[in-house]
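To start, the structure under review is shown below, and the notes come after it.
Note that this is a predicted model, so its numbers are computed, not measured.
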Amino acid sequence: HAMVSEEMREKLNLYGQAHLIGFYGELSAAEKSQLENQLETIDFALMERLFRQTQEQKAEPPAGIEPIPCAVEAAWTTQEKQNYYLRGMEILRDGKYAAVTMAGGQGTRLGHPGPKGTFRICVPEEISLFEIQCRRLKARSEECGRTIPWYIMTSEENDAETKRFFRENGFFGYPEEDVVFFRQFMLPMLDQNGKLLLEEKYKIREGADGHGGIFRAMLKRGVTEDLKRRGIEWVYTGGIDNVLARPADPLLIGYLAANHYELGGKSIIKRDAYEKAGVFCRKNGRPFVIEYTEIPAELAEQRDGAGAFVYGDAHILCNLFRVDVFDKMGEEGLPYHAACKKASYIDAQGRRIEPDRPNAYKFESFLFDAFSFYQKMGILRVEREREFAPIKNRTGEDSPETAQKLYAEAAKERSAL
């Protein structure tokens, strides 16, 4: 009969988290072992540090911010485009390239019960977001004569369902040995007093650790090792929700390789001064993305002599890294940012509380915090209509409806590789 170890009890007392085993006596054997296993995975010292950080957080206007230069794809000559394209194709043909899709999210906001990647749009036939990405990778693989390894980052909550979806769909005809799933890490949520919350009497409430968690997850789950075993040098990372994302664009690969960048990404000109997207800039001389929630109004609105936004290049979560960046960032670890969320929980009396206002801190790291570890990065400004149609909301802007329309138009205009 399993028991919470004496060592664990001491640890919980030390960190003021003994309430987590407050209902232990009522649990079934299976529930007890579930709770014990979860307790073993939690870094209580880290959680205490993160709580202290929320108490000390001062909102300071960002200092040391200046514009960063970008390459503009539309301004390249045919010759430049061709040179970059050929260089990129060479890397693809040599099998030195892999793609990682971040698909840890659920389709909750879209009213879709399941992993976001299983959500379907009509283009014109029904097709899931996973299959859209897969088709692009497949077409590019055929073009360069070898399969591009595809890594898919899932979360604890959708890992099993995602794998089942791929199996049921025969991996959409992609070679099964070249599709690798790995799970993102989770972090507990804390209440206003730094206590971990119980989601059930036998389960601590946790949330995924943000897209910046990709580096640690890849290192710790053996993905970085697998990339090296395959001889991969360049790795794409992108979200699942942009139906125009191009997971293997020779132009971007060639541009970064030719200019000896270790990392890079695509940008698009923001829709208006206040579009909800981080923008590329320099901070203290290093590449940086300033979040839309943190940029001062005068910078957000600032225009140059030609009337263009000075801070106009939005980060669209479409990035390329040399493989050693994953080692470095996975070891370094990125800072965590706290966000206040509404989270239901079990109170001391065992009742479920549904709060009507934010009551809990969720901690996430942002992938773009990795940029500042490097002196320079290559940013390629591309055309929004051709490269960016995310599905974030059920209706209105950035919804299935807008994405379907943009997808259809882009497909008309050229092969949607």
Side-chain angles (χ1 to χ4, degrees), residues 1-55 104 106 153-161 181-210 212-222 330-331 333-355 358-365:
H1 175 65
M3 276 296 288
V4 176
S5 70
E6 205 43 54
E7 194 184 356
M8 180 57 76
R9 283 178 191 274
E10 276 174 26
K11 188 190 268 188
L12 292 174
N13 283 327
L14 176 67
Y15 286 105
Q17 304 289 357
H19 65 286
L20 296 176
I21 51 173
F23 302 102
Y24 191 74
E26 315 173 14
L27 304 180
S28 69
E31 290 171 339
K32 281 180 174 163
S33 82
Q34 188 180 333
L35 181 60
E36 286 152 21
N37 291 339
Q38 194 182 11
L39 286 167
E40 290 299 335
T41 66
I42 291 173
D43 182 342
F44 288 97
L46 170 67
M47 297 318 297
E48 185 171 76
R49 208 161 64 238
L50 291 178
F51 180 66
R52 270 207 310 274
Q53 190 183 301
T54 65
Q55 303 306 291
Q106 293 293 83
M153 183 166 81
T154 63
S155 58
E156 299 289 343
E157 59 178 348
N158 77 13
D159 185 68
E161 214 180 327
F181 300 95
F182 67 101
R183 292 188 324 283
Q184 185 171 12
F185 284 101
M186 309 280 282
L187 276 179
M189 293 174 73
L190 299 177
D191 72 9
Q192 254 67 7
N193 303 311
K195 303 278 188 221
L196 276 68
L197 296 171
L198 284 173
E199 180 177 348
E200 304 290 351
K201 291 179 176 181
Y202 55 88
K203 188 172 186 225
I204 296 157
R205 184 172 278 291
E206 297 191 273
D209 67 357
I214 189 168
F215 300 105
R216 188 165 148 251
M218 283 176 64
L219 189 66
K220 301 273 191 274
R221 307 278 196 207
E331 289 297 352
L334 292 172
Y336 288 108
H337 303 260
C340 271
K341 305 268 187 192
K342 277 198 287 201
S344 65
Y345 62 97
I346 305 290
D347 74 2
Q349 281 68 53
R351 295 176 302 224
R352 179 175 305 282
I353 306 293
E354 294 282 353
N359 63 311
Y361 293 110
K362 181 184 197 298
F363 298 95
E364 295 187 309
S365 54

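The CG atom of N359 sits 7.5 Å away from atom CE of M189, with the distance rounded to the nearest 0.5 Å. Distance check, rounded to the nearest 0.5 Å: NZ of K201 to CZ of R352 gives 10.0 Å. A distance of 13.5 Å separates NZ in K220 from CZ in F215, rounded to the nearest 0.5 Å. A distance of 10.5 Å separates CD1 in I21 from CG in L27, rounded to the nearest 0.5 Å. Atom CG of L196 and atom CZ of F44 lie 6.0 Å apart (nearest 0.5 Å). A distance of 8.0 Å separates CG in D209 from NZ in K362, rounded to the nearest 0.5 Å.
In plain terms, the two heavy atoms of M153 and A217 that are nearest each other are SD-CB, 4.4 Å. Scanning both residues, P188 and I204, for their nearest heavy atoms gives CB-CG2, 4.4 Å. Between E331 and L219, the shortest heavy-atom distance links the atoms OE2-CD2, 3.5 Å. Shortest non-hydrogen contact noted between G213 and S365 is N-OG, 3.1 Å. For Y361 against A338, the heavy-atom pair with the smallest separation is CD2-CB, 4.2 Å. A343 and L197 make their closest contact through CB-CD1, 4.2 Å (heavy atoms, listed as atom of the first residue, atom of the second, distance).
Between K341 and P358 there is no side-chain heavy-atom pair separated by less than 4.5 Å. Residues T54 and F363 meet the side-chain proximity criterion, which asks for heavy atoms closer than 4.5 Å. For the pair I353/Y345, a side-chain contact is recorded, criterion being any heavy-atom separation below 4.5 Å from C-beta on. The shortest distance between side-chain heavy atoms of M186 and Q38 does not fall below 4.5 Å.
Under a 3.5 Å cut-off, the side chain of E156 and the backbone N or O of E206 do not form any donor-acceptor pair. For the pair Q184 (side chain) and G210 (backbone), a donor-acceptor distance under 3.5 Å is present. E31 places a side-chain N or O within donor-acceptor distance of the main-chain N or O of S28, the cut-off being under 3.5 Å.
Cation-pi contact between R221 and F181: absent, since separation from the ring centre below 6.0 Å together with deviation from the ring axis within 45° is not met. Annotation: cation-pi pair K32/Y24 present, NZ/CZ under 6.0 Å from the ring centroid and within 45° of its normal.
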- Under the side chain to side chain contact (heavy atoms under 4.5 Å, CB included) rule, what do R52 and E48 come out as? Steps first, then yes or no, please. CA-CA 6 Å; R52 270 207 310 274; E48 185 171 76; 3.9 Å; yes
- Message: Quick one, L187 with M47, criterion side chain to side chain contact (heavy atoms under 4.5 Å, CB included). Give me CA distance, side-chain angles, the key distance, then yes/no.
- Response: CA-CA 8 Å; L187 276 179; M47 297 318 297; 4.0 Å; yes
- From CA spacing to verdict: side chain to side chain contact (heavy atoms under 4.5 Å, CB included), F23, L35: CA-CA 11 Å; F23 302 102; L35 181 60; over 6 Å; no
- Query: Passes side chain to side chain contact (heavy atoms under 4.5 Å, CB included), L46 versus L50? Steps please.
  - Reply: CA-CA 6 Å; L46 170 67; L50 291 178; 4.0 Å; yes
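Residues meeting the side-chain hydrogen bond (donor to acceptor under 3.5 Å, both in side chains) test with R49, sequence neighbours left out: none. The side chain to side chain contact (heavy atoms under 4.5 Å, CB included) check on S5 picks up E7, M8, with sequence neighbours excluded. Evaluation of the salt bridge (Lys or Arg N to Asp or Glu O under 4.0 Å) rule for K203 yields E199 as partners, not counting sequence neighbours.
Ion pairing between a basic and an acidic side chain is recognised when a charged N comes within 4.0 Å of a carboxylate O; K195 and D191 show no such pairing.
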